[in-house]
Amino acid sequence: MNRRTLLSALALLPLATCPAADDFLTYEPKGDAKGKHVVLISGDEEYRSEEAMPMLAKILSERHGFKTTVLFSVDKDGHIDSNNQASITNSAALDSADAIIMLIRFRHWPDEDMKHFHDAVQRGVPIIGLRTATHAFNMDKGSKYGAWAWNNQEGGFGRIFLGETWVSHWGKHRAEATKGVIEPAAKDNALLRGVTDIFGTTDVYEAAPPADSVILVRGQVVAGMEPGSAPASYKKKNKAGTEQDVNEPMMPVVWSREVKNESGKTNKVLCTTMGAASDLVNESLRRLVVNGVYWGLGLDVPASADVGYVGEFKPLMYGTKDGTDEKDPHRFRGFKRGVKPADLK
């Protein structure tokens, strides 16, 4: 084939086969390379996963020797657009994933993108699901992967794999934060090595993981948004219709599972209903995620994993509005527009 014929043939290839180099991020391992590839998937409309995932990817690469790739939701011009629920960049990176970290919500990716994710799961890769990953998918009608929709009768991907789907805000959203309380029976669990004081400004989600889950941390609803806020105390009905004090018992906010999938492989799963970018300024929560990668890959979990930032990390407060409400002391707002993944490198 001569050069002209080759160029003509390449021009006919669909654009999807050639991912834009600036619509995803890859960080090569530093120091003692582990030989493992961790793929981090962002794509939610509120909790600033597009800020959290690059930060975690840099830590895993620079501090722990993992190759990392971060995938995004983008608009037609390649700018990050968390509201574009049909978008995931470079989904083919999942074909070489040894572990997945995900903070996505209500995605309805095309079937060709879903196949890369589905096949990675069926290979038995470990999965770390943050916050809205419990309700990760809301598939279009007719999708081959409709069984993974969050509102499927079986609870979709969230319930089947992570152990819960979307139920409710248990604490008052944007008014009552979460203090993590380590489950006494789990205090020596390897996933909790170096994990001490967990606090996040997101509220506790209602969750009832299945019996095969190992509860690691429960979430105390606090009556405010500061670490020193007192525990909340009021009655509320759970999904089952039982009235209880909001903190008696406290809802699980971190748990682990081992799930046998359709292919017969086992996925090691760590799920937390915390994990917004603003939550991840908490050192213990970052360490929990890093510990989850080691645990999932069958590597020895460090006694106190280095989770120091690589560069600056000053995440936006979570929210869905494009602008900031200057009257609100917490400045809830949406994602920054006009930013490309490459700008976050």
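Sequential numbering from 1 along the given sequence is applied to the chain's residues. The figures here come from the full heavy-atom set of this structure, side chains too, leaving out hydrogens, waters and symmetry mates.
Here the closest heavy-atom approach between residue Gly219 and residue Asn247 is recorded as O-OD1, 3.9 Å. A pairwise comparison of heavy atoms in Ser42 and Met53 identifies CB-CG, 3.7 Å as the closest pair. Taking all atoms of both residues into account, the shortest heavy-atom contact from Met274 to Gly200 is CE-N, 3.4 Å. In this structure, Phe335 and Asn83 approach most closely via the heavy-atom pair CE2-ND2, 3.5 Å.
The hydrophobic cluster containing Ile182 does not contain Met250, counting ILVMFWY residues as joined when their side-chain heavy atoms lie under 4.5 angstrom apart, directly or transitively. Cluster membership for Val181 and Ile198, using ILVMFWY side-chain heavy atoms within less than 4.5 angstrom, is not shared.
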- Query: Passes side-chain hydrogen bond (donor to acceptor under 3.5 Å, both in side chains), Ser143 versus His108? Steps please.
  - Reply: CA-CA 9 Å; Ser143 169; His108 47 90; over 6 Å; no

- Task: Go through the steps for Leu270 and Val254 under the test side chain to side chain contact (heavy atoms under 4.5 Å, CB included), then give the verdict.
- Result: CA-CA 7 Å; Leu270 174 65; Val254 184; 3.9 Å; yes

- Might you work through the side chain to side chain contact (heavy atoms under 4.5 Å, CB included) test for Leu192 and Val217, ending with a clear yes or no? CA-CA 9 Å; Leu192 294 175; Val217 182; 4.0 Å; yes

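Under a cut-off of 6.0 angstrom, the local environment of NZ in Lys268 is crowded, with over 12 non-hydrogen atoms contributed by other residues, nucleotides or ligands. For Asp300, the CG atom counts as loosely surrounded, since its 6.0 Å shell holds 12 or fewer non-hydrogen atoms of other residues, nucleotides or ligands. No more than 12 heavy-atom neighbours from other residues, nucleotides or ligands sit within 6.0 angstrom of CG on Asp197. In the displayed structure, Lys115 atom NZ is contacted under 6.0 Å by at most 12 heavy atoms of other residues, nucleotides or ligands. Few gaps surround NZ on Lys345; more than 12 heavy atoms of other groups in view lie less than 6.0 Å from it. Crowding of Glu243 atom CD: a count of heavy atoms from other residues, nucleotides or ligands under 6.0 Å exceeding 12.
Panel note: side chain Ser49, backbone Gly43; a donor-acceptor pair is recorded below 3.5 Å. Looking only at distances, no side-chain donor or acceptor of Trp255 sits under 3.5 Å from a matching main-chain atom of Arg218. Counting only distance, with no hydrogens or angles, the side chain of Ser73 and the backbone of Gln85 share no donor-acceptor pair below 3.5 Å. Judged by distance alone, with hydrogens and angles left aside, the side-chain atoms of His116 form no donor-acceptor pair with the main-chain N or O of Asn90 at under 3.5 Å. Gln122 contributes a side-chain N or O that, together with a main-chain N or O of Ser263, makes up a donor-acceptor pair within less than 3.5 Å. Of the possible donor and acceptor atoms, one in the side chain of Asn291 sits under 3.5 Å from a partner among the backbone N and O of Leu191. Looking only at distances, a side-chain donor or acceptor of Ser61 sits under 3.5 Å from a matching main-chain atom of Glu28. For Asn282 (side chain) and Asp279 (main-chain N/O), no donor-acceptor pair under 3.5 Å exists by modelled atom type. Within the 3.5 Å criterion, the main-chain N or O of Ile127 finds no donor-acceptor partner in the side chain of Asn267. A donor-acceptor pair is defined here as one N or O able to donate and one able to accept, closer than 3.5 Å; no such pair exists between the side chain of Ser278 and the backbone of Met317.
Ring orientation note: the planes of Tyr47 and Tyr318 are tilted relative to one another, at an angle of 30° to 60°.
Applying the side chain to side chain donor-acceptor pair (under 3.5 Å) rule to pairs touching residues 162-172 yields Arg159-Glu164, Ser168-Glu206, His169-Asp203, sequence neighbours excluded. Residue pairs that meet the salt bridge (charged side-chain N to carboxylate O under 4.0 Å, His left out) test with at least one member in residues 36-55, sequence neighbours left out, are Glu45-Arg105, Glu45-Arg107, Glu46-Arg105, Arg48-Glu50.
Phe24 pairs with exactly one of Val70, Ile88, Leu71 by the side-chain contact (heavy atoms from CB on, under 4.5 Å) rule, that one being Leu71. Screening Phe106, Trp150, Phe157 for a ring pair (Phe, Tyr, Trp, His ring centres under 6.0 Å) with Phe137, the sole residue that qualifies is Phe157.
Two residues are said to be in side-chain contact when any heavy atoms from C-beta on lie closer than 4.5 Å; Leu299 and Phe66 meet this criterion. Contact of the Phe313 side chain with the Lys58 side chain is not registered, since no non-hydrogen atoms from C-beta on lie closer than 4.5 Å.
For Trp109 and Tyr145, the gap between ring centers reaches or exceeds 6.0 Å.
Relative to the ring axis of Phe161, Arg257 does not place its NZ or CZ within 45° and under 6.0 Å from the centre.
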